[in-house]
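Whatever order the structure lists them in is the order used to number ligands and atoms, beginning at 1.
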Amino acid sequence: MQDRIPASPLTPAQKRRLKWFRDARFGMFIHWGVYSQPARGEWMMHREGIPVAEYEGLVDTWQPGHDVARNWARLARRAGMKYMVFTTKHHDGFCLWDTDMTDYNAVRRGPKRDLVGEYVEACRAEGLRVGLYYSLRDWHHPDGSTCVTDEEGRRRFLDFTQGCVRELMSRYGKIDILWYDGPGPLSTPEAWESEKMNGMVRDLQPGILINNRSLLPEDFGTPEGHLQAAPEGRAWEACMTLNGSWCYAPTPPEDWLPVRQILRMLNTVAAGDGNLLLNIGPRADGSIPEIAVDRLEAVGEWLGKYGEALYGPADRVEKGLSWSNIGYWSLKGRTGYLWMLRGGWPGPTFGIGGLRVPGKRQPEGGLGAKVERVTFLDTGKEIEFDSEPGRIVLKGLPKRCPDPIAHGPVLKIEFGNNPKRQ
Ligand code: H79
């Protein structure tokens, strides 16, 4: 979702609390609930027109396996992700924590466990930051739809919503992200009392980051399903699925993002000073499809070699800006990173030209800055090059691509001056 309200400049406090988030860049989204059993989408109740009483039957058959959250967290860490966001309640209204606000929860029904508590503990055990997803939209609450026209119903629904959020913010220790979803059916922050609700959240969790889906801009924008950078200065986090479905769906292998494509998405967020929240939908028992495990482990292995290009403060570069056919770049001050994840391996010699510098007209084909040094990011091995007008020509590259994981290494290109300030 793009920001509906124009972003205001970041406050110093906001910059401070966003620091870890911008350093982290990469997180794991988990969609898991009773809807993981039929595996026909987390919108199933709505899309298939299932009445509440019938859907409730699914709740009592849900028996997740044990220690599953720890496995997710372990995979997240191995994948190079630094935080997680977990569906504490999706639109179906089933609460995965021990709430006093409704009996429709995982401790009193079905699993008979506090799944949010287990998740939070797992994140901490693996050294990951903790994010909680909470859907404002609720198809189970009796006032969840009628609140639009029924004033008393809206009051009851808001009391319920604020009660749930208060519990999540006060029962599990430090929470790093509150990830609202919705925001239907109410359509303004006034109708949701978002300012009051988020004020309460910040009183309870002073360092927390809040996303923009309570219809206030808060700390970061949330493009869904596409990698659209927010305006300069504004933090953003794109959320993406691995196989076209948020919750578990047994889709054929062709539907799963290949490792190179995941890495290109990371390239895009690094180049746009944004984050990627990449989703996995565990099976109803909590296990993760093997294909997701394999691909994420490969991503983590690659980041183990080339992570410097992703993590940490970045300067924005123009969308899609490329030096060549074989990769796009990201930039940190005087260091450029060429993510060689497009096309085939160029062979022993190839030229890099046409670096245009954001906001500045450059001579046709001219590099924005003088190149001093080119190395492979993982080994530090230097690459010889000739400087020519408007380009450099790399020489003596290996005949075959030196990266077996994604068939694409990262080149580190050090400039004598800051290309952005040219
Ligand atoms: O939790 C995931 C989605 O279920 C949720 N946000 C992400 C993170 C979401 N809520 N609203 N939307 C997404 C946009 C709604 C899209 C819809 Fe549809 C189009 C609803 C019905 C038609 C998506 C596509 C759901 C069913 C088909």
Could you go through ligand 1 and list every pair where one of its N or O atoms sits under 3.5 Å from a protein N or O, giving the atom names and the distance to one decimal?
| residue | atom | partner | partner atom | Å |
| --- | --- | --- | --- | --- |
| ligand 1 | 1 (O) | His31 | NE2 | 2.6 |
| ligand 1 | 1 (O) | His90 | NE2 | 2.7 |
| ligand 1 | 1 (O) | Asp181 | OD2 | 3.3 |
| ligand 1 | 4 (O) | Glu42 | OE2 | 2.6 |
| ligand 1 | 4 (O) | Trp43 | NE1 | 3.0 |
| ligand 1 | 4 (O) | His90 | NE2 | 3.3 |
| ligand 1 | 6 (N) | Asp181 | OD2 | 2.8 |
| ligand 1 | 6 (N) | Glu224 | OE1 | 3.2 |
| ligand 1 | 6 (N) | Glu224 | OE2 | 3.3 |
| ligand 1 | 10 (N) | His91 | NE2 | 3.1 |

Notebook entry, point to check: Between Phe220 and Phe21, does the ring centre distance come in under 6.0 Å?
Noted result: yes
Margin query: For the backbone of Lys89 and the side chain of Thr87, can you confirm whether one donor and one acceptor N or O come within less than 3.5 Å of each other?
Written below: no
Margin query: Looking at Thr102, is its backbone amide N or carbonyl O close enough to the side chain of Asn105 to form a donor-acceptor pair, meaning the two atoms are under 3.5 Å apart?
Written below: yes
Next item on the list: With Arg129 as the cation and Trp20 as the aromatic partner, state whether NZ or CZ is under 6.0 Å from the six-membered ring centre and within 45° of the axis.
Entry: yes
Notebook entry, point to check: Within 45° of the six-membered ring axis of Tyr311 and under 6.0 Å from that ring's centre, is NZ or CZ of Lys82 located there?
Noted result: yes
Note to self: Once salt bridge (Lys or Arg N to Asp or Glu O under 4.0 Å) is applied, what residue pairs with a partner in residues 249-266 remain, sequence neighbours excluded?
What the structure shows: none
